[in-house]
Amino acid sequence: MEITLTEVRNYAVIIGIIIAIITYLTNSYFQFRNKGIENMKRFLEAHGSLFEKGCYLVENVKAMEAGTYKRDRENEVMELAFNRLLGDLEIIALLTSHRAVPKEVQIYMLGWFAQKIQPEITGEERNNIFWELAIHYIDELAKAASDYEKLSSKKRACYLKKQRLIH
């Protein structure tokens, strides 16, 4: 049985197509993976901006931990810091709306703070159309954090493992 030049060419085309498909799939996998890493870096940068020296959360975390946190609307410096906090949370909300970072990661890293901040949001801020995104994000995150707290420690461990937050 002789193999003709046409058959060799056909086999070469098939092998070339298989190699091209494997290359495409491998490249797609690594691009998807790198996109996830880049999105996580964006989230961590935005998250880090929430905890810079002098920022609202840094200045109020001790009171939040002690259960004595109350927003002082008369303190102009802290009100400016609170407005910056809302702006930074809008950036994270935008990342969320584009599915840049899993909600579970956000709940774990910001949920507790959302629960502390949510009751201190004024009606004026809730009615301000230019804070809608931040306020909605805080409300959703606070509710999700509340649900997370209700999980048993075993379910929380599974939850964290599923999101690759623990090994």
Side-chain angles (χ1 to χ4, degrees), residues 28-167:
S28 295
Y29 167 76
F30 283 108
Q31 282 191 2
F32 181 75
R33 182 176 172 269
N34 288 341
K35 180 182 172 192
I37 291 169
E38 287 298 316
N39 286 337
M40 185 59 78
K41 284 171 62 176
R42 285 184 192 101
F43 172 76
L44 292 175
E45 287 172 7
H47 180 271
S49 71
L50 297 173
F51 296 94
E52 292 174 352
K53 185 176 178 166
C55 288
Y56 192 80
L57 294 180
V58 172
E59 295 299 318
N60 289 287
V61 69
K62 291 291 183 192
M64 289 177 185
E65 288 173 343
T68 60
Y69 167 70
K70 186 75 177 156
R71 182 175 167 195
D72 180 4
R73 304 256 314 141
E74 301 301 317
N75 184 334
E76 288 184 34
V77 172
M78 280 296 105
E79 282 303 290
L80 286 172
F82 188 80
N83 282 332
R84 179 177 177 209
L85 170 69
L86 291 179
D88 289 342
L89 287 173
E90 283 185 325
I91 293 169
I92 293 174
L94 288 170
L95 289 170
T96 301
S97 67
H98 288 86
R99 298 184 185 142
V101 179
K103 191 74 165 179
E104 293 79 5
V105 172
Q106 297 167 54
I107 292 165
Y108 183 76
M109 294 184 77
L110 294 172
W112 183 80
F113 291 103
Q115 289 177 316
K116 302 298 181 192
I117 292 166
Q118 184 190 32
E120 299 299 322
I121 296 171
T122 66
E124 182 179 309
E125 289 161 338
R126 287 195 175 280
N127 293 327
N128 185 333
I129 63 170
F130 297 107
W131 285 131
E132 284 179 342
L133 184 59
I135 302 299
H136 180 73
Y137 179 73
I138 292 169
D139 289 342
E140 281 192 0
L141 196 57
K143 182 187 179 316
S146 177
D147 293 342
Y148 177 73
E149 284 180 327
K150 294 174 187 170
L151 296 175
S152 68
S153 62
K154 186 176 181 179
K155 286 186 179 181
R156 281 194 312 273
C158 288
Y159 179 90
L160 296 173
K161 191 171 185 173
K162 180 181 175 189
Q163 296 307 315
R164 297 184 204 122
L165 296 174
I166 60 172
H167 303 295

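With hydrogens and angles disregarded, no donor-acceptor distance shorter than 3.5 Å links the side chain of Glu140 to the backbone of Tyr137. Side-chain atoms of Glu120 come within 3.5 Å of backbone atoms of Arg71 as a donor-acceptor pair (strictly under, hydrogens ignored). A donor-acceptor pair under 3.5 Å links the side-chain atoms of Asn60 to the main chain of Tyr56, judged by distance alone.
Salt bridge status for Glu132 with Arg126: absent, with no side-chain N to carboxylate O gap under 4.0 Å. Asp147 and Lys143 are joined by a salt bridge, as a carboxylate oxygen and a charged side-chain nitrogen come within less than 4.0 angstrom of each other.
Atom CD of Glu74 sits about 8.5 Å away from atom CD of Glu79, to the nearest 0.5 Å. Here the CG atom belonging to Leu141 is positioned 13.0 Å from the CH2 atom belonging to Trp112, to the nearest 0.5 angstrom. Taken to the nearest 0.5 Å, the CD1 atom of Ile129 stands 13.5 Å off from the CD1 atom of Ile135. In this structure, NZ in Lys35 is found 7.0 Å from CZ in Phe32, a value given to the nearest 0.5 Å. Remark: Glu45 CD to Met40 CE distance equals 12.5 Å, nearest 0.5 Å.
Judged as a side chain to side chain donor-acceptor pair (under 3.5 Å), and not counting sequence neighbours, Glu59 has no contacts.
For the residue pair Ser28 / Gln31, no side-chain donor-acceptor distance below 3.5 Å is found, with atom types taken as modelled.
Residues Thr122 and Arg73 meet the side-chain proximity criterion, which asks for heavy atoms closer than 4.5 Å. Looking at Ile37 and Arg33, their side chains come closer than 4.5 Å, going by heavy atoms from C-beta outward. Between Met64 and Leu57, some side-chain heavy-atom pair lies under the 4.5 Å cut-off. Side-chain contact check for Lys62 versus Tyr69: every heavy-atom pair is 4.5 Å or farther apart.
When all heavy atoms of Gln118 and Ala142 are compared, the closest pair comes out as OE1-CB, 3.4 Å. When every heavy atom of Cys55 is checked against every heavy atom of Ser49, the shortest pair comes out as SG-O, 3.4 Å.
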Test log, rule ring pair (Phe, Tyr, Trp, His ring centres under 6.0 Å), inputs Phe113 and Phe51
CA-CA 11 Å; Phe113 291 103; Phe51 296 94; 5.2 Å; yes

Determine all donor-acceptor pairs shorter than 3.5 Å in which one atom belongs to a side chain in residues 80-97; sequence neighbours excluded.
unit_1: Arg84; atom_1: NH2; unit_2: Glu52; atom_2: OE1; d: 2.9
unit_1: Thr96; atom_1: OG1; unit_2: Ile92; atom_2: O; d: 2.9
unit_1: Thr96; atom_1: OG1; unit_2: Gln106; atom_2: OE1; d: 2.5
unit_1: Thr96; atom_1: OG1; unit_2: Gln106; atom_2: NE2; d: 3.2
unit_1: Ser97; atom_1: OG; unit_2: Leu94; atom_2: O; d: 2.9

